There are 2 protein chains.
Amino acid sequence: MPKIKFDQIYETLKDNIINNRYPEHMLPREVELAEEFHCSRNTIHRAIAQLNNEGYVQSIKGRGTVILQSLPIQNDRFFLNLRSYGSIPAITQYHKADVTTSVMSFQEITVDEKLSAVTGFDPGTEVYYIQRLRYLDNKPLLRDVNYFRKDVVTGLNVSIAQSSIYDYITDTLHKKILAARRIVRIKKAEEKDKDYLSLGDYDCVGVIYNYVYISDGTLFEYTESHFVPDNFGFSEFVQY
Amino acid sequence: MPKIKFDQIYETLKDNIINNRYPEHMLPREVELAEEFHCSRNTIHRAIAQLNNEGYVQSIKGRGTVILQSLPIQNDRFFLNLRSYGSIPAITQYHKADVTTSVMSFQEITVDEKLSAVTGFDPGTEVYYIQRLRYLDNKPLLRDVNYFRKDVVTGLNVSIAQSSIYDYITDTLHKKILAARRIVRIKKAEEKDKDYLSLGDYDCVGVIYNYVYISDGTLFEYTESHFVPDNFGFSEFVQY
DNA sequence: TGGTATTTGTCCGTATGTATC
DNA sequence: GGATACATACGGACAAATACC
């Protein structure tokens, strides 16, 4: 697995930062690093840009690159970065836990004006409308409401919905997912949330709205994932 | 205000995309754009990388750069991108609304072990501990709990806390804010949330945890901003 | 206050690698 | 396999912000 050069350098620098190998809380100059890693300054610059994006350092013109103090870690829940969390299975894999799925409803419907305004699909589009419950170690974690374009995710059925729709799309249909936009909001729990999620004494749920693009740039999935407030947090890094 | 080249190109391309001037839903090739804008392919590549980051397009090796279908807009609340929202005043300015602040409590305390685990300040650090209520057009919007290092934000007082602490830091103390990390969670409303925010029949609040860095890379502020669920949403873009 | 060295930011031109069709 | 188009990398140049004398 020959990694890309700037990515190797990025990893090395990150490791050095985490293990406190720069006691001055500054990275060496870019020209110095370029010599050390036997590459151009340009490449070093890209690696450091990555460290900037992820909040490890902050570069300042004329001064150098400052290493940022690390934060207290909060491990009592899933801390997602919306930009990089990938899929639910990926999360659970990371946390060494098992996820199971039960399909509560599976229908084929046509998008009307009202649904169009919510999902972004044009009115008249044929979609699969699926409701599922995702369990983590046998405890309810998410209530998913999915809408998939029928002309993209052709041949979807309950059995596939029970295992992994994404595996079906990529491995069987050989289609590629391009990108997604996610929005998080807090909402009053619906009846179904109360019925199926273990809300305890919460009367709210978190909702992740997921808009997903297939390789030609068309929207093919709209999903709402309702979750118990306790289970998730969302983190981001900002530069001034 | 002479903008930098790749940023100008980025803006132009974004405008073209939004106004649907590429009917094939593809950007022109990078070499073509380089000719059109009289610059190197390198610069075009950077501008397009920016469009990728913000979710307007997705570049695919060997194929080109796909324009992504736009999403339905949701305008009933503040839709924040955690990475770019800046400060509360900045939000309100954008929404053409007035923000006022009332200081509920102003103390000087020393960080103990327990508070250290929450804030990231070392035990023994002297901090200002401030509770404030932020109103938008005279309706309660946020309940802020701030901790500022005394040795960084020297000479803070109630009067400053009532106007703008950030103006004080930058304009009076001439210090620069480097970066911040933000985490969003949902929590059960505390008594003070119920007392001061207009929660209606919600029993939950959203909380933004804010860790802020000053120019030498040290953490100098920890803030919790409690908000009414209705008021906010958080959006992010993801690439595969 | 002003000038100079330092350091990152931006950009160019070119070359090579690699995925797609 | 060949053509196309984006991805990565190099080395050099100048701009702009900062620090220091």
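These figures come from a predicted structure and were not determined experimentally. Here is the naming used below: chain letters follow the sequence lines, and residue numbers restart at 1 for every chain.
To the nearest angstrom, C1' of C/dT7 lies 17 Å from CD of A/Glu24. B/Met26 places its CE atom 11 Å from the C1' atom of D/dC6, with the value rounded to the nearest Å. Atom pair A/Ile60:CD1 and D/dA19:P shows a separation of 8 Å (rounding to whole Å applied). Rounded to an integer number of Å, the gap from NE2 of B/His38 to P of C/dG13 is 12 Å. Rounded to whole angstrom, the span from the CD atom of B/Gln58 across to the C1' atom of D/dA7 amounts to 13 Å. What separates CD1 of A/Ile4 from C1' of C/dG17 is a distance of 11 Å, to the nearest Å. Per the geometry, CD1 belonging to A/Ile44 stands 13 Å off P belonging to C/dG9, to the nearest Å. In this structure, NE2 of B/His174 is placed 14 Å from P of D/dT18, rounded to the nearest angstrom.
At distances below 3.5 Å, not a single donor-acceptor pair connects side-chain atoms of B/Lys5 with backbone N or O atoms of B/Thr43.
You'll find the ring centres of A/Phe148 and A/Tyr128 outside the 6.0 Å limit. Remark: aromatic rings of B/Phe121 and B/Tyr222 are distant, center separation not under 6.0 Å.
Closest approach to the B/Ser40 side chain among C/dC12, C/dC11, D/dT8 is made by C/dC12 (side chain taken as heavy atoms from C-beta onward). Comparing D/dC6, C/dC12, D/dT8 by their closest approach to the side chain of A/Asn42 singles out C/dC12. Counting only heavy atoms from C-beta on, A/Glu30 has its side chain closest to C/dT8 among C/dT8, D/dC10, D/dA7. Nearest to the side-chain atoms of B/Arg63 among the listed nucleotides D/dA7, C/dC21, C/dC11 stands C/dC21.
Where A/Phe6 and B/Leu27 meet DNA chain D, the nucleotide closest to each residue was compared, and B/Leu27 sits on the side nearer the 5' end.
The base of D/dA5 is not paired with the side chain of B/Arg41 by any donor and acceptor separated by under 3.5 Å.
Residue A/Lys5 places no side-chain N or O under 4.0 Å from the OP1 or OP2 atom of D/dA7. Residue B/Arg46 places at least one side-chain N or O closer than 4.0 Å to OP1 or OP2 of C/dT10. Put simply, B/His45 has no side-chain N or O that comes within less than 4.0 Å of OP1 or OP2 on D/dC6.
The only member of B/Asn210, B/Asn146, B/Thr119 that meets side-chain hydrogen bond (donor to acceptor under 3.5 Å, both in side chains) when paired with B/Thr223 is B/Asn146. Tested against A/Val57, the residues A/Thr65, A/Leu68, A/Val66 include a single side chain to side chain contact (heavy atoms under 4.5 Å, CB included) partner, A/Thr65.
Across all strands, B/Ile48 comes closer than 4.0 Å to no nucleic acid atom at all (heavy-atom distances).
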Practice prompt. Starting from the C-alpha separation in whole Å, work towards a yes-or-no answer on side-chain hydrogen bond (donor to acceptor under 3.5 Å, both in side chains) for B/Arg134 and B/Thr101.
Written response: CA-CA 5 Å; B/Arg134 323 295 293 264; B/Thr101 303; 3.1 Å; yes
Practice prompt. Give the C-alpha distance, both sets of side-chain angles, the deciding distance and a yes or no for side-chain hydrogen bond (donor to acceptor under 3.5 Å, both in side chains) between A/Tyr166 and A/Glu221.
Written response: CA-CA 11 Å; A/Tyr166 272 64; A/Glu221 173 189 353; 2.2 Å; yes
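Contact check on B/Asp7 versus B/Arg46 returns no salt bridge, with no Lys/Arg side-chain nitrogen under 4.0 Å from an Asp/Glu carboxylate oxygen.
Overall, the helix from C/dG2-D/dC21 to C/dC21-D/dG2 carries an axis bend of 20° between its ends, with five pairs at each end and the value rounded to 10°.
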